[in-house]
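Notes for the one structure printed next.
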Amino acid sequence: MDEKLSFSKYQGAGNDFILVDNRTGFFDRSDVNLVKRLCDRRFGIGADGLMLLQDIKNFDFEMVYFNADGREGTMCGNGGRCIVAFARDLGIIAERTAFLAVDGRHEAKIDEELVDLGMIDVNGTARDGAAYVIDTGSPHYIHFVQNLDNLPVYEEGYKIRNNDKYRKEGINVNFVQQESDGGYFVRTFERGVENETLACGTGATAAAMAAAVEYSLEGSLEIPIRVLGGQLYISFNRTGEQFTDVRLKGPAQFVFKGKI
Ligand SMILES: N[C@@H](CCC[C@H](N)C(=O)O)C(=O)O
């Protein structure tokens, strides 16, 4: 790419993203090396992922998400919240929106600094030994632990993500600890970043669902999830293995913009 690329940087609870307004379609979404270079924290702008905001019929916009490794990814919850703030800042939407992402339609509303994002319904959880495996738009492995502050999340997450079962497709690995206030503390090793990130929205959502199963919580629930980069709130209706009206709420903030 010869001419300069305009971008904005946003973060949602410390999960950080490069946002590109691609309504003219100039950005080549098959350019894995470009996305990887832009996300590189030493040679590029630096981010956990990159998103293109594109025009699409019947929706306010389309979200196209790439992991930091340059590959187009599955759903990103914090990315979804950040692209909603970006669309508001571009003047495309006001407080409410409906947009299209890789896993389908998402609706969201903005309440000052918080973006409240509708997520896909989940029908069923699986087990891998003591851990839960739940797909909330992206696949997640959820393991309940004690003393999460001192857990070597990179080493333990790397081992699970790269074991024989998950190596090919990859999985996001979440470690969860119950807190005394009814909430949970979650740390995540993210596939595609291949490292621990400061937050993962689909991971926090999966962790809240696993907590509902693990601790027998039914009905209409709002579960606070603390992550290294801030505070998220997950709500849903749980009936057995069915999770409906799933929402992910938390901060989504502009950081800086530039040309590269
Ligand atoms: N950060 C994300 C998840 C992004 C996708 C993930 N890296 C994957 O490949 O599954 C989130 O906030 O949900």
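As the structure is a computational prediction, the values presented were derived from the model and not from experiment. Each ligand, and each atom within it, is numbered from 1 in the order the structure gives.
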Whether Gly192 lies under 4.0 Å from ligand 1, heavy atom: no
Ligand 1-proximal atoms of Asn78, by part, heavy-atom distance under 4.0 Å: both
Ligand-side contact atoms (ligand 1) for residue partner Thr74, heavy atom cut-off under 4.0 Å: 10 (O)
Nitrogen or oxygen of Ala199 less than 3.5 angstrom from that of ligand 1: no
For ligand 1, the portion of Thr202 having any non-hydrogen atom under 4.0 Å away: both
Within reach of ligand 1, part of Arg191 (heavy-atom separation under 4.0 Å): both
N/O donor-acceptor pair under 3.5 Å between Arg238 side chain and Gly240 backbone: yes
Plane angle bin for Phe236 and Phe243 - parallel if under 30°, tilted between 30 and 60°, otherwise perpendicular: perpendicular
Within-shell test, Val193 vs ligand 1, heavy atom, strictly < 4.0 Å: no
Side-chain heavy atoms of Leu232 within contact of Val227, under 4.5 Å: yes
Distance flag, aromatic centroids of Phe59 and Phe99, threshold under 6.0 Å: no
Residues which pass salt bridge (Lys or Arg N to Asp or Glu O under 4.0 Å) with Arg167, listed by chain and number, not counting sequence neighbours: Asp164
Contact with ligand 1 for His140, non-hydrogen, under 4.0 angstrom: no
Lys9 with Asp16: basic N within carboxylate O range, under 4.0 Å: yes
Per-atom contacts, ligand 1 versus Asn67 - under 4.0 Å to a heavy atom: 5 (C), 6 (C), 7 (N), 8 (C), 9 (O)
Test item: Asn172 side-chain N/O and His140 main-chain N/O as donor-acceptor pair under 3.5 Å: no
Salt bridge Arg23-Glu62, side-chain N to carboxylate O under 4.0 Å: no
Nearest non-hydrogen protein atom, atom 2 (C) of ligand 1: Cys76 SG, 3.1 Å
Ligand 1 contact by Cys200, heavy-atom criterion under 4.0 angstrom: yes
